[in-house]
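I have placed the structure first, in the form of structure tokens, so that the comments after it can refer back to it.
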Protein chains: 4
Amino acid sequence: MRADAQRNHEKILAAAEEIFALDGVAVPIDSVAERAGVGVGTLYRHFPTKESLYEAIVIARLSGLVERADDYRRRLDPADALDAFLRDFARQAAEKQDLFEALDQAGIDFKSRFAGLVDELNHHVEALRLSAVNAGSLRDDVNSGDIINLIIGTCHAAGHSGADGEDVQRLVSVVIAGLQPLARR
Amino acid sequence: MRADAQRNHEKILAAAEEIFALDGVAVPIDSVAERAGVGVGTLYRHFPTKESLYEAIVIARLSGLVERADDYRRRLDPADALDAFLRDFARQAAEKQDLFEALDQAGIDFKSRFAGLVDELNHHVEALRLSAVNAGSLRDDVNSGDIINLIIGTCHAAGHSGADGEDVQRLVSVVIAGLQPLARR
Amino acid sequence: MRADAQRNHEKILAAAEEIFALDGVAVPIDSVAERAGVGVGTLYRHFPTKESLYEAIVIARLSGLVERADDYRRRLDPADALDAFLRDFARQAAEKQDLFEALDQAGIDFKSRFAGLVDELNHHVEALRLSAVNAGSLRDDVNSGDIINLIIGTCHAAGHSGADGEDVQRLVSVVIAGLQPLARR
Amino acid sequence: MRADAQRNHEKILAAAEEIFALDGVAVPIDSVAERAGVGVGTLYRHFPTKESLYEAIVIARLSGLVERADDYRRRLDPADALDAFLRDFARQAAEKQDLFEALDQAGIDFKSRFAGLVDELNHHVEALRLSAVNAGSLRDDVNSGDIINLIIGTCHAAGHSGADGEDVQRLVSVVIAGLQPLARR
DNA sequence: TATGAATGAGCATTCATTCAT
DNA sequence: TATGAATGAATGCTCATTCAT
């Protein structure tokens with residue numbers, strides 16, 4: 001039965017991602033269960049509160065981003081690494097707006113709940129930022145929080161205004177252009 | 001008696017703005033009434049549904065922005081007009097995040113509900129954009145929707161991440177820098 | 001509308017007393033509302049939690065008992081006062097078993113929640129006890145807690161075993177006989 | 001394999017007794033299974049409903065009491081037999097309040113469900129009572145139901161008020177004193 | 001056969017909206 | 001007309017019981 005449980009766990013996560021993205025995190029938990037094709041009880045066996053389901057999704061996303069940030073930093077030169085990461089981040093945000101809806105709604109609690117992961121993300125973005133600044137490909141008057149806010153916000157608004165993937169990449173390009181050092185502008 | 005009604009109308013709008021900004025649009029309507037110092041019944045006499053109260057606030061905000069866009073376009077030269085408008089828009093967004101939260105939450109419905117106003121806003125931003133492009137102070141590969149999305153999103157993320165007014169102006173500067181024509185970069 | 005509200009408040013209390021006594025405190029709150037002829041929302045306006053409804057009933061009962069204890073102590077001689085109080089207490093307990101069910105279920109929390117009232121009751125029973133001991137009509141090796149336990153327990157078991165008012169008085173008589181000083185036995 | 005089943009049956013009964021006594025009969029059946037170290041499925045194989053588990057415990061207890069009543073009646077003189085039985089009953093009740101909680105909660109159904117056992121218990125207590133009355137060591141105006149109610153109730157209240165074993169014995173002494181024939185008082 | 005995952009009816013509570021005063 | 005009490009559908013969550021492994 002572990003196979004079944006595993007399958008249900010994934011079905012629930014997938015259903016939650018989809019439905020949160022479609023209808024926002026305010027959807028009844030019953031709808032999530034229904035979409036996943038399981039009973040509410042099953043959902044609650046896997047995720048003891050609505051918040052925990054929600055957290056599980058956010059954590060999976062952030063973890064993915066953290067890994068990618070690290071990966072790009074190792075494999076690419078500083079300017080390209082930051083650029084690739086930002087576009088990646090944006091693509092993910094554009095596809096599934098719920099991560100950022102979650103980031104928003106969690107508000108102040110967010111920082112304490114995901115403190116470790118957020119710190120880690122900041123840390124990796126900071127590493128990317130520093131390399132890029134040192135390589136002269138990034139202005140030195142913005143911090144890693146600024147960079148994250150710019151991308152999150154851009155994608156979030158794009159997601160809600162019905163912009164498609166191409167639109168989002170255009171917006172991200174503007175942000176990236178704005179991040180060039182003054183000398184280059 | 002009409003004076004009283006007018007006063008109540010304004011008290012309700014003000015209370016709703018404040019409390020939506022503080023606690024989000026999910027606050028019970030009773031809290032709004034209480035903050036306004038009126039009974040729920042009175043609130044419902046002025047705004048027949050929660051959504052309508054919500055709409056009234058958004059409309060007031062958008063109208064204000066539209067007026068300013070027009071004003072700046074008339075009084076300033078193209079580059080300054082767009083710059084001033086964007087900073088203004090950002091300032092307002094930073095101070096009261098609820099407008100954009102509202103914009104988000106209203107989601108797809110938003111466009112149909114506020115179609116006229118949104119069109120008008122787009123129209124004015126488009127006018128600002130065209131003048132600026134013609135004056136060579138704005139890249140020509142972004143449209144008015146892009147500009148609005150960039151500012152809304154940036155401010156929204158800033159608002160939720162606890163950024164202060166200065167942080168927001170820094171973020172907006174990055175966006176504005178990114179909007180410079182390629183020649184200048 | 002205060003008249004209506006008052007009426008509803010009383011209807012709810014009465015319904016809760018009846019239904020708790022009939023079916024135990026585990027009955028759904030909806031049943032209480034239905035029995036009272038009001039909506040659940042109304043019930044919750046008057047009593048913000050199930051526990052608070054429950055508390056309101058217990059408090060009303062305990063307050064009545066406290067007043068009576070005081071009254072008897074002032075009006076009757078020591079032996080009669082304790083006797084009258086115990087029979088009174090028993091009568092009330094026999095009629096409405098829910099008070100003691102409540103006393104039971106509240107368990108450890110009970111003492112803290114009703115601390116003031118319980119202390120007051122204990123205080124009054126202690127006063128009755130002391131007068132009676134001094135008058136030589138009560139054995140001196142039981143404390144006020146013992147007396148309360150004896151009466152509560154007796155009535156409680158009687159209530160659950162279907163004993164009628166006469167049966168209960170007979171049981172109370174046994175307890176009262178057992179409380180006589182050794183010299184008299 | 002039958003040995004295993006037997007062992008599980010007993011582990012479940014023991015766990016249920018303990019946990020019901022500690023936390024009341026409202027504990028989830030999963031907790032009982034967990035405490036017994038078996039899966040819920042296994043528990044349900046042995047006891048098809050929660051009520052049946054509950055019944056099994058009550059039956060075991062009542063059977064034990066019936067046996068003791070009989071034993072005392074044979075071995076001791078009338079006054080001592082009743083006295084010993086009552087103290088025994090009380091001790092058991094004081095140690096494990098759940099029997100009487102069960103007696104309470106089962107309410108009206110109780111009599112029909114355990115009719116045979118209750119009758120048997122009554123019958124044995126009646127035998128003890130008659131011998132004692134005939135021997136002049138028990139007042140003749142109480143019936144066996146009264147006696148049972150007095151002890152059950154006393155212990156029940158004691159259990160819920162945090163009284164210790166010594167307190168209970170003191171309370172039982174009062175009841176026993178109250179059961180003396182009038183001539184002796 | 002033992003396990004524990006799955007089920008879903010049921011419960012306490014909230015809140016947008018209506019309506020008696 | 002303003003008030004706030006009343007309403008009840010809807011929500012998150014629990015737990016007795018069933019069933020696939």
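With rounding to whole Å, B/Arg35 atom CZ is found 18 Å from F/dG4 atom P. Atom CZ in C/Phe47 sits about 16 Å away from atom C1' in E/dA12, given to the nearest Å. For C/Leu43 and E/dC11, the CG to C1' distance is 14 Å, given to the nearest whole Å. Residue A/Gln6 contributes atom CD, which lies 15 Å from atom P of F/dT21 at whole-angstrom precision. Distance C/Glu34 CD to F/dA6 P: 18 Å, rounded to the nearest Å. Nucleotide F/dT3 holds its C1' atom 11 Å from the CG atom of B/Asn8, rounded to whole Å. When rounded to the nearest whole Å, the span between CG of C/Asp4 and C1' of F/dT3 equals 14 Å. Summarising the geometry, the separation between CG on B/Asp30 and C1' on E/dT18 is reported as 13 Å, rounded to the nearest angstrom.
Comparing F/dG12, F/dA6, E/dA6 against the side chain of C/Thr42 picks out F/dA6 as the nearest. Taking the side chain of C/Lys50 as heavy atoms from C-beta on, and the options F/dA5, E/dA16, E/dA12, the nearest nucleotide is E/dA12. Side-chain atoms of D/Ile29 lie closest to F/dA16 of the nucleotides E/dT21, F/dA16, E/dA6.
In this structure a side-chain-to-backbone donor-acceptor pair under 3.5 Å is present from A/Lys50 to A/Val25. With hydrogens and angles disregarded, no donor-acceptor distance shorter than 3.5 Å links the side chain of C/Thr42 to the backbone of C/Val38. Checked by atom type and distance alone, the side chain of D/Ser63 pairs as donor or acceptor with a backbone atom of D/Ile59 at under 3.5 Å.
For the pair C/Val32 and C/Ala15, the tightest heavy-atom approach, listed with the atom from each and the gap, is O-CB, 3.8 Å.
Summarising the local packing, CD of A/Glu34 is surrounded by 12 or fewer heavy atoms from other residues, nucleotides or ligands at distances under 6.0 Å.
Residue order along DNA chain F, read from the 5' end via each residue's closest nucleotide, puts B/Gly37 first among B/Gly37 and D/Val27. Heavy-atom nearest nucleotides on DNA chain E were determined for D/Val38 and for C/Val40, and the one closer to the 5' end corresponds to D/Val38. Both A/Pro28 and A/Arg7 lie near DNA chain F, and the one whose nearest nucleotide falls closer to the 5' end is A/Pro28. Nearest-nucleotide positions on DNA chain E place A/His46 closer to the 5' end than the other of C/Tyr44 and A/His46.
Between E/dG4 and A/Arg45, no contact under 4.0 Å exists linking OP1 or OP2 to a side-chain N or O. A sub-4.0 Å separation between OP1 or OP2 of E/dA5 and a side-chain N or O of A/His9 is absent.
Base-pair partner of F/dT14: E/dA9 (Watson-Crick or G-U wobble, both distances under 3.5 Å). Searching all strands for a Watson-Crick or G-U wobble partner of E/dA2 with both distances below 3.5 Å returns F/dT21.
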